[in-house]
A.B. asks: 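Let me begin by handing over the structure; questions about it come next.
Counting starts at 1 for both ligands and their atoms, following the listed order.
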Amino acid sequence: MKTMKVSIVTPNGPAYEGETDFVSTKATSGELGILPGHISTVAPLATAPVKVKTQAGTDYVAVSGGFIEIRPEAVTILAQSAELSNEIDIERAVEAKKRAEQRIQEHRPEIDIKRAEYALRRAINRLEVAKHR
Ligand code: ATP
C-alpha cells in the first residue's frame, strides 16, 4: 500500500512524525482528505483536529491555525500549537473554554471578541481531540 510521511512542526519544535495512507483535517476553505499522490498545494488551516490513519489506528492531533503543505509523498503542517490527544491537559482546556465563553457573553467594550472566539475554538478543538485517547 502507498504511504506518505506526515510531520507537524510548531515554534517549539517537531510535534508529530508518522507514516500514513490517509490524513484528514479542515482548511479554512473546507474539509481536506489527503491520500498519497495528492497534487502539491499549500492551504491555511482552520483550528481543527488533524486525523492521521496509521497501521495501529488513528492518531488525533489538536492543531491551532497554521498551514498545510501537501506533496505527493509528504504532508507537512506548520502550526502555532499542536498537541497529541494524550498530551492535552483537559482541565486547562475546560478552564480556557469557560473563560472564553464568559468573555463573549459579557461583551464589554474593552474585550476583543474575535480573540475570545479564537480562544474558544482552540479550547473546543482540544477537548474534541482529548476524547480520542
Ligand atoms: P490557555 O488559555 O490555557 O493558555 P490557549 O489556547 O491560549 O490556552 P495557546 O496560546 O494556544 O493556549 O498555547 C500556548 C501553549 O500551551 C502551546 O504550546 C500549547 O501547545 C499549550 N497548550 C495550551 N492549552 C493546552 C492544553 N489544554 N493542554 C496541553 N497543552 C496546551
Side-chain angles (χ1 to χ4, degrees):
M1 190 190 288
K2 266 197 181 176
T3 60
M4 56 192 168
K5 222 180 127 189
V6 195
S7 329
I8 303 177
V9 182
T10 75
N12 294 333
Y16 181 87
E17 288 269 339
E19 197 70 30
T20 183
D21 60 6
F22 187 64
V23 175
S24 65
T25 187
K26 205 171 160 193
T28 53
S29 56
E31 298 290 333
L32 278 179
I34 308 150
L35 294 162
H38 197 289
I39 53 159
S40 295
T41 184
V42 173
L45 284 178
T47 291
V50 173
K51 299 173 210 166
V52 181
K53 205 171 142 233
T54 68
Q55 274 190 330
T58 301
D59 291 334
Y60 286 76
V61 189
V63 167
S64 301
F67 289 87
I68 187 166
E69 184 200 21
I70 306 171
R71 283 180 283 123
E73 70 295 335
V75 170
T76 307
I77 289 172
L78 304 174
Q80 198 51 46
S81 72
E83 304 94 38
L84 274 154
S85 52
N86 60 4
E87 291 169 351
I88 290 169
D89 178 339
I90 294 177
E91 201 55 39
R92 179 173 167 180
V94 167
E95 288 306 316
K97 180 169 177 278
K98 272 193 217 154
R99 227 169 24 241
E101 282 170 341
Q102 208 170 0
R103 285 184 179 142
I104 291 165
Q105 214 170 27
E106 283 174 4
H107 212 293
R108 292 203 308 269
E110 70 274 23
I111 287 180
D112 181 344
I113 290 292
K114 269 273 161 261
R115 189 173 157 188
E117 282 169 357
Y118 285 132
L120 178 60
R121 225 173 292 162
R122 291 195 297 275
I124 290 172
N125 183 34
R126 288 180 174 122
L127 293 172
E128 177 58 35
V129 166
K131 286 182 194 161
H132 303 274
R133 287 173 187 259

A.B. asks: Identify, for atom 30 (N) of ligand 1, the protein heavy atom at the shortest distance, and state residue, atom and that distance.
C.D. replies: Glu83 CG, 3.8 Å
A.B. asks: Decide if atom CZ of Arg133 counts as having more than 12 heavy atoms of other residues, nucleotides or ligands within a radius under 6.0 Å.
C.D. replies: yes
A.B. asks: Where the closest heavy atom to atom 17 (C) of ligand 1 is concerned, which of Ala93, Ser81, Ala123 has it?
C.D. replies: Ser81
A.B. asks: Tell me, do Met4 and Thr20 make a side-chain contact under 4.5 Å, heavy atoms counted?
C.D. replies: yes
A.B. asks: To check your reading of the model: name the closest protein heavy atom to atom 7 (O) of ligand 1, its residue, and the distance in Å.
C.D. replies: Arg122 NH2, 3.2 Å
A.B. asks: Quick check: closest heavy atoms across Thr47 and Gly65, and the distance to 0.1 Å?
C.D. replies: OG1-N, 3.3 Å
A.B. asks: Nearest protein heavy-atom contact for atom 27 (N) of ligand 1: which residue, which atom, what distance?
C.D. replies: Asp89 O, 2.9 Å
A.B. asks: Got a sec, which residues hit salt bridge (Lys or Arg N to Asp or Glu O under 4.0 Å) with Lys97, two or more places apart in sequence or on another chain?
C.D. replies: Glu101
A.B. asks: Write down the atom of Thr41, the atom of His38, and the distance for their closest heavy-atom approach.
C.D. replies: CG2-CE1, 4.2 Å
A.B. asks: What protein heavy atom sits nearest atom 12 (O) of ligand 1, and how far off is it?
C.D. replies: Arg126 NH1, 3.7 Å
A.B. asks: Out of Arg92, Glu91, Glu87, Arg99, whose heavy atom sits nearest atom 14 (C) of ligand 1?
C.D. replies: Arg92
A.B. asks: Counting only heavy atoms closer than 4.0 Å, does ligand 1 sit against the backbone of Asn12, its side chain, both, or neither?
C.D. replies: side chain
A.B. asks: Does a side-chain heavy-atom distance below 4.5 Å link Lys5 with Glu19?
C.D. replies: yes
